[in-house]
Protein chains: 2
Amino acid sequence: MNRAQANMPSSPLGRKINSYMSLTSEERTFLADLERNVTRHGSRSDLLQQGERYGCVRVMRKGWAIRHKALPDGRRQVVNFVLPGDIIGFYCNLFETADHGVTTLTPAEVANFQPERIIELFKLFPRLAAALAWSGAKEEAIIAERLLSVGRRTALERTAHLIVELLRRLSIVGLVEEGRFTLPVTQEILADALGLSIVHINRTLRRLRDIGLIDLAGQQITVHDVKQLASVGQFDELYLHLIQAPKQLEHALDAKPDRKRAGD
Amino acid sequence: MNRAQANMPSSPLGRKINSYMSLTSEERTFLADLERNVTRHGSRSDLLQQGERYGCVRVMRKGWAIRHKALPDGRRQVVNFVLPGDIIGFYCNLFETADHGVTTLTPAEVANFQPERIIELFKLFPRLAAALAWSGAKEEAIIAERLLSVGRRTALERTAHLIVELLRRLSIVGLVEEGRFTLPVTQEILADALGLSIVHINRTLRRLRDIGLIDLAGQQITVHDVKQLASVGQFDELYLHLIQAPKQLEHALDAKPDRKRAGD
DNA sequence: CGTTACCTTGATATCGTTCAAGTACCGTGG
DNA sequence: CCACGGTACTTGAACGATATCAAGGTAACG
């Protein structure tokens with residue numbers, strides 16, 4: 001966090017990567033170039049539709065979105081929240097069609113680039129490729145944790161857990177102030193993220209408010225006692241480490257591959 | 001499937017990759033070398049414990065395992081089934097500690113290699129790196145689909161869906177014969193995978209049997225009418241495509257990166 | 001032949017859903 | 001400035017899917 005301003009990438013993605021691996025100027029240039037083509041979208045607009053052929057890879061620069069999957073009869077599951085700095089459809093572009101949709105929750109600023117650039121990335125900037133791949137693994141970990149929530153935690157626990165998760169993720173990109181952040185979601189979306197009904201989410205939030213763990217005012221949510229909320233949600237510190245930066249990543253990425261060769 | 005025997009990699013991982021991207025002999029050699037160090041494990045042994053520091057990367061060669069996460073009070077969620085050809089902890093080695101455990105369900109044959117080899121892989125064989133990364137994305141898609149199941153499908157639907165999923169995945173590696181395959185799991189494990197109680201899984205399986213969709217005999221399960229079972233589980237063809245090989249992957253990986261340069 | 005692990009099924013309890021009704025808020029057009 | 005309609009939130013009441021409790025049953029194994 002104490003790096004010279006001049007060296008700080010200006011995009012959330014750049015900042016995110018920079019937070020666990022310092023970038024060479026070539027890498028920085030390449031990354032910035034990927035984010036050059038920016039488009040703006042209104043609230044509630046589809047960045048990707050389930051079943052659609054993938055177009056370009058997208059990077060969220062500003063705003064929130066959700067990744068969601070729907071059943072034919074309309075039941076829906078929100079798989080994850082897409083926050084600034086997150087990538088949409090990284091490898092997925094190699095799939096035939098999208099198995100999920102992505103929809104903005106707020107007005108959003110999105111960078112777009114061609115999937116071929118990813119192959120280029122793999123060939124020219126292996127360190128960067130590995131870093132982005134690691135980022136993808138992190139997302140998988142988040143989804144697995146949500147699966148644990150939905151499969152095994154009670155309504156109160158899952159709700160508490162999700163709030164702590166969002167708090168943690170947002171504070172990495174500097175969007176939390178004194179336990180307060182903007183939560184631009186309807187209760188319907190929370191319900192779809194947690195596998196609950198709207199009514200029950202409503203009652204659960206009320207309970208969390210009554211206990212005095214959170215405050216809700218419009219889209220502002222305030223977490224009074226993160227520790228207690230985390231304990232209600234059984235928020236695991238192991239999981240926290242995943243969301244934050246790994247210490248040995250940079251070191252690992254800088255290891256010279258040639259020293260120990262493959263077929264010794 | 002009609003490639004010359006001589007060119008067919010002998011390991012499930014090699015076969016899996018070979019199924020969507022033909023490998024150069026260097027790549028094949030590197031891959032084979034990764035799998036050189038094989039260890040054997042009994043049934044119900046932990047290949048990785050939740051909270052443990054990651055050791056080496058592992059490749060499942062023979063047998064089944066589960067990836068699972070537990071809550072402090074013992075509740076448990078099975079995140080995914082690890083089948084032959086699957087990799088355990090690919091990028092995850094860059095995390096501090098494991099956020100999940102991996103436990104064998106059958107006697108297993110596992111290949112082990114050092115995490116540094118992955119960096120090596122990224123630097124020396126970008127095509128292979130991208131292919132493995134894609135494989136990881138596929139796993140994420142599978143987990144997301146399970147999240148949809150657990151969050152939004154009824155017990156009957158999820159159970160049907162899981163059976164079809166396993167059938168599909170196993171047939172890729174040639175482990176299904178006429179709708180029949182070995183399912184080396186207890187009902188407790190199924191319950192933990194689907195977010196249900198043991199009792200309820202039992203009743204649900206009974207219902208599927210009564211309807212005549214499946215037959216169970218010990219660990220042998222026979223699916224009589226895949227189509228009907230898939231329709232009960234709302235098994236999506238989009239999802240099926242994910243599990244199987246992408247057509248354009250190889251083409252994409254062969255694109256020359258040097259033609260269009262980064263910072264033109 | 002007793003012990004253990006797993007499967008099975010009935011009875012009862014509960015968490016979360018569905019249905020229903022009402023409220024608050026906001027933008028829009030008269 | 002007010003009436004209107006839409007969207008989201010809220011709360012009560014009844015219902016239902018799934019959990020929990022309890023009690024066998026069966027097969028494998030030392």
Side-chain angles (χ1 to χ4, degrees), chain A residues 42-45 64 66 71 73-78 103-107 149-162 182-210 214-221 232, chain B residues 42-45 66 71 73-78 103-107 149-162 182-210 214-221 232-233:
Chain A
S43 193
R44 301 300 172 105
S45 61
W64 284 51
I66 47 174
L71 292 174
D73 62 6
R75 281 175 289 174
R76 187 179 69 157
Q77 177 70 37
V78 169
T103 304
T104 59
L105 297 178
T106 66
S149 266
V150 173
R152 289 306 185 205
R153 282 192 251 248
T154 66
L156 191 72
E157 290 165 351
R158 331 180 180 175
T159 308
H161 191 278
L162 177 62
T182 306
L183 192 68
V185 302
T186 61
Q187 295 188 350
E188 182 176 14
I189 288 167
L190 282 184
D192 285 342
L194 296 175
L196 297 169
S197 67
I198 302 185
V199 174
H200 203 61
I201 269 288
N202 184 295
R203 293 195 222 273
T204 305
L205 287 174
R206 161 145 299 285
R207 249 178 97 193
L208 284 175
R209 257 187 297 174
D210 288 348
I214 61 169
D215 248 2
L216 285 170
Q219 299 198 322
Q220 295 299 309
I221 181 172
V232 169
Chain B
S43 193
R44 300 298 172 109
S45 61
I66 47 173
L71 292 175
D73 63 5
R75 282 175 288 174
R76 188 177 68 154
Q77 177 70 38
V78 170
T103 305
T104 59
L105 297 178
T106 66
S149 267
V150 173
R152 289 305 187 206
R153 283 192 251 248
T154 66
L156 191 73
E157 290 166 350
R158 334 181 179 174
T159 309
H161 191 278
L162 177 62
T182 306
L183 191 67
V185 303
T186 62
Q187 295 188 351
E188 182 177 14
I189 289 168
L190 282 184
D192 284 342
L194 296 175
L196 298 168
S197 69
I198 303 185
V199 174
H200 203 63
I201 267 289
N202 184 295
R203 293 195 222 274
T204 306
L205 287 174
R206 160 144 298 285
R207 248 177 99 193
L208 285 175
R209 257 187 296 174
D210 289 347
I214 62 170
D215 248 2
L216 286 170
Q219 299 198 324
Q220 295 299 310
I221 180 172
V232 169

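Naming: A, B, ... by sequence-line order, numbering from 1 per chain. Note: hydrogens, waters and symmetry copies are ignored here, and every other heavy atom, side chains too, is used.
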ask   = In whole Å, what is the span from the CG atom of A:L205 to the P atom of D:dA8?
value = 16 Å

message = Considering every strand and a 4.0 Å limit on heavy-atom distances, what is the contact class for A:R209: base, sugar-phosphate, or nothing?
response = sugar-phosphate

key: Distance in angstrom units between A:R75 CZ and C:dG16 P, rounded   = 18 Å

task = Take A:R152 and A:N202, find for each the nucleotide of DNA chain D with the closest heavy atom, and name the residue whose nucleotide sits nearer the 5' end.
result = A:N202

key: A:L216 CG - C:dA24 P separation (whole Å)   = 18 Å

query = Can you tell me if the side-chain N/O atoms of B:R158 get under 4.0 Å from OP1 or OP2 in D:dA17?
reply = no

task = Rounded to the nearest angstrom, tell me the gap between atom CD in A:Q219 and atom C1' in D:dA8.
result = 11 Å

task = May I ask you to test the B:D192-A:R152 pair for a side-chain heavy-atom distance under 4.5 Å?
result = yes

key: Under 4.0 angstrom between B:Q187 side-chain N/O and C:dT8 OP1 or OP2   = yes

message = With a cut-off of less than 4.0 Å, is there a side-chain N or O of A:R207 near OP1 or OP2 of C:dC15?
response = no

ask   = Whole Å only: how far is the CZ atom of A:R203 from the C1' atom of C:dG16?
value = 9 Å

note = Regarding the side chain of A:V199, the nearest nucleotide among D:dT18, C:dC19, D:dA22 is C:dC19

request  = With the side chain of B:H200 defined as its heavy atoms from C-beta on, choose the nearest nucleotide among D:dT18, C:dC6, D:dT20.
outcome  = D:dT18

inquiry  = Using a heavy-atom cut-off of 4.0 Å across all strands, would you classify B:I198 as base, sugar-phosphate, or nothing?
reply    = nothing

ask   = Between atom CZ in B:R153 and atom P in C:dG16, what is the gap in whole Å?
value = 21 Å

task = Would you classify A:T186 as touching base, sugar-phosphate or nothing, given that sugar-phosphate means primed atoms plus P, OP1 and OP2, and contacts are heavy atoms under 4.0 Å?
result = sugar-phosphate

inquiry  = What's B:G218 touching, base or sugar-phosphate or nothing? Going by heavy atoms closer than 4.0 Å.
reply    = nothing

Between D:dG16 (P) and B:L196 (CG): distance, integer Å = 20 Å

ask   = Can you tell me if the side-chain N/O atoms of B:R206 get under 4.0 Å from OP1 or OP2 in C:dT8?
value = no

remark   = Correct closest heavy-atom pair for A:L205 and A:Q187 would be CD1-NE2, 3.8 Å

ask   = Between atom CD1 in B:I201 and atom P in D:dA19, what is the gap in whole Å?
value = 9 Å

inquiry  = Quick check: do A:T154 and B:R75 have side-chain heavy atoms less than 4.5 Å from each other?
reply    = yes

A:A155, nearest nucleotide to its side chain (from D:dT11, D:dT20, C:dG16) = C:dG16

query = Is there a side-chain contact between B:L196 and B:R158, using heavy atoms and a 4.5 Å cut-off?
reply = yes

Working for side chain to side chain contact (heavy atoms under 4.5 Å, CB included), residues A:R76 and A:I66 = CA-CA 12 Å; A:R76 187 179 69 157; A:I66 47 174; 4.2 Å; yes

